[in-house]
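In what follows, a structure is listed as structure tokens, so that the remarks can point back to it.
Just the heavy atoms: all of them, side chains too, but no hydrogens, waters or symmetry mates, feed the values below. Each residue takes its place number in the sequence, starting with 1. Remember, it's a predicted structure, so these values are computed and weren't measured experimentally.
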Amino acid sequence: MLIDFVPDRGLYPFESHWFDSSVGRVHYIDEGSGPPLLFCHGAPTWSFLYRHIVRGLRDRYRCVAIDHLGFGLSERPAGFGYTIAEHTAVLGELIDHLQLDGFVLMGQDWGGPIGLGAVTTRADRVRGIVLGNTSFWPTEAMANRAFSVIMSSRPMQRRILERNFLVERVLLAELGRKLNAAEAEHYRAVQPTAEARRGLAMMPKEIRAARPLLDQLARDVPVLLGDKPALLVWGMRDMVFRPNACIPRMRSAFADLEVVELPRARHFIQEHAPDAITEAIAKRFP
């Protein structure tokens with residue numbers, strides 16, 4: 001199924017592009033010219049999350065932001081499993097289709113492992129890495145694993161599918177006054193029905209189910225990408241990816257890492273601190 005929603009041009013002033021991947025139709029934006037930047041979102045968001053950053057950088061960079069299948073304006077294809085491994089493969093197809101070279105990858109939340117998984121096999125084409133409030137190793141924290149168990153249970157899966165729980169009670173509950181009513185509606189409108197939310201419902205399960213892929217990334221990223229210039233932009237009030245646990249491990253993986261702390265930001269850093277992130281990217285990758 002395709003999503004029947006047209007974003008407000010005042011909020012999302014970008015041209016839509018489409019790519020027919022091997023498994024479904026992918027929506028993305030491709031704005032500006034210059035050194036390419038590839039932006040990868042996580043759950044329960046879409047490329048709308050990067051709107052302020054793209055607007056701030058498209059005068060100097062080519063900004064590409066994907067909607068993963070099952071999210072945003074991308075298709076919800078029949079038979080697609082919505083696993084992190086499958087999302088990674090589709091992103092790789094898009095990178096090849098766009099012939100991206102010398103590009104900087106930014107990933108946040110699940111966009112981190114999806115993006116890193118796609119570029120470890122294309123490391124020679126990667127200029128640099130930007131990561132924010134994400135990880136690329138198996139989750140060991142009890143709170144995160146408990147969240148996966150609870151959200152994977154039948155009652156909570158029903159709430160995700162029928163009541164859009166992850167948008168309403170996770171994303172919008174955190175952002176509160178950061179969003180106006182129209183912005184909040186843009187997160188709701190792309191997940192309009194239970195059928196449209198199947199990909200969203202899979203994400204909490206993948207915290208545990210994607211362990212083999214994350215184990216591989218934990219080995220591959222330092223070896224294949226560890227010498228790339230890297231930037232960390234971190235929401236210091238995030239209770240999911242806690243800075244004291246995550247930042248030291250990031251430092252150990254990248255030899256040339258700059259860290260920008262976002263002291264008031266929580267998990268969805270692109271909404272909390274877009275200007276600081278925009279400035280950090282432009283400074284790190286001129």
Side-chain angles (χ1 to χ4, degrees), residues 35-43 45 47 49-50 52-54 56-57 60-61 63-66 84 88 91 102-120 122-123 125-141 144 174 207 214 216-286:
L37 306 173
L38 174 62
F39 298 102
C40 296
H41 69 86
T45 60
S47 57
L49 182 71
Y50 284 103
H52 299 304
I53 296 171
V54 171
L57 292 173
R60 292 159 283 175
Y61 300 88
C63 299
V64 177
I66 186 176
I84 300 306
T88 298
L91 178 62
F103 66 95
V104 172
L105 167 76
M106 179 174 180
Q108 183 262 343
D109 190 82
W110 277 118
I114 292 170
L116 291 168
V119 303
T120 50
R122 299 167 175 84
R125 293 158 59 183
V126 175
R127 177 186 177 196
I129 302 291
V130 182
L131 297 174
N133 297 72
T134 187
S135 67
F136 52 85
W137 52 82
T139 298
E140 304 295 350
N144 299 51
E174 173 183 318
I207 293 173
L214 294 170
Q216 188 66 49
L217 278 181
R219 294 189 294 269
D220 287 349
V221 168
V223 174
L224 300 173
L225 300 170
D227 62 345
K228 303 289 183 181
L231 171 67
L232 216 58
V233 282
W234 211 269
M236 300 302 285
R237 295 188 178 183
D238 190 357
M239 301 301 290
V240 179
F241 296 102
R242 296 173 183 263
N244 289 345
C246 294
I247 293 177
R249 189 154 184 180
M250 295 287 185
R251 288 190 186 277
S252 70
F254 295 99
D256 181 10
L257 178 69
E258 292 186 8
V259 178
V260 173
E261 296 182 0
L262 308 171
R264 301 181 64 83
R266 296 174 65 185
H267 182 65
F268 299 103
I269 56 173
Q270 300 93 328
E271 295 286 5
H272 289 289
D275 292 344
I277 296 169
T278 299
E279 181 181 352
I281 293 173
K283 182 179 179 181
R284 183 69 166 122
F285 300 102

Please examine the side chains of [Y] and [X], heavy atoms only from C-beta on, and report whether any two atoms are closer than 4.5 Å.
| X | Y | result |
| --- | --- | --- |
| Asp220 | Phe136 | no |
| Val130 | Leu37 | no |
| Cys246 | Trp234 | yes |
| Ile281 | Val233 | no |
| Phe268 | Asn133 | no |

Considering residues at least two apart in sequence or located in another chain, which fulfil the side-chain hydrogen bond (donor to acceptor under 3.5 Å, both in side chains) criterion with [X]?
| X | result |
| --- | --- |
| Arg60 | none |
| Glu279 | none |
| Ser47 | Tyr12, Asp67 |
| Asp227 | none |

If the condition is side-chain contact (heavy atoms from CB on, under 4.5 Å), which residues does Thr139 pass it with, not counting sequence neighbours?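 By the side-chain contact (heavy atoms from CB on, under 4.5 Å) rule, Thr139 matches Asn144, Arg145, Ile207.
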Show me the donor-acceptor pairs within less than 3.5 Å that the side chains of residues 249-266 make with the rest of the protein, sequence neighbours left out.
| unit_1 | atom_1 | unit_2 | atom_2 | d |
| --- | --- | --- | --- | --- |
| Ser252 | OG | Arg249 | O | 2.7 |
| Asp256 | OD1 | Arg284 | NH2 | 3.0 |

Which heavy-atom pair separates Trp110 from Ala43 by the least distance, and what is that distance?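 Taking Trp110 first and Ala43 second, the nearest heavy atoms are CD1-CB, 4.4 Å.
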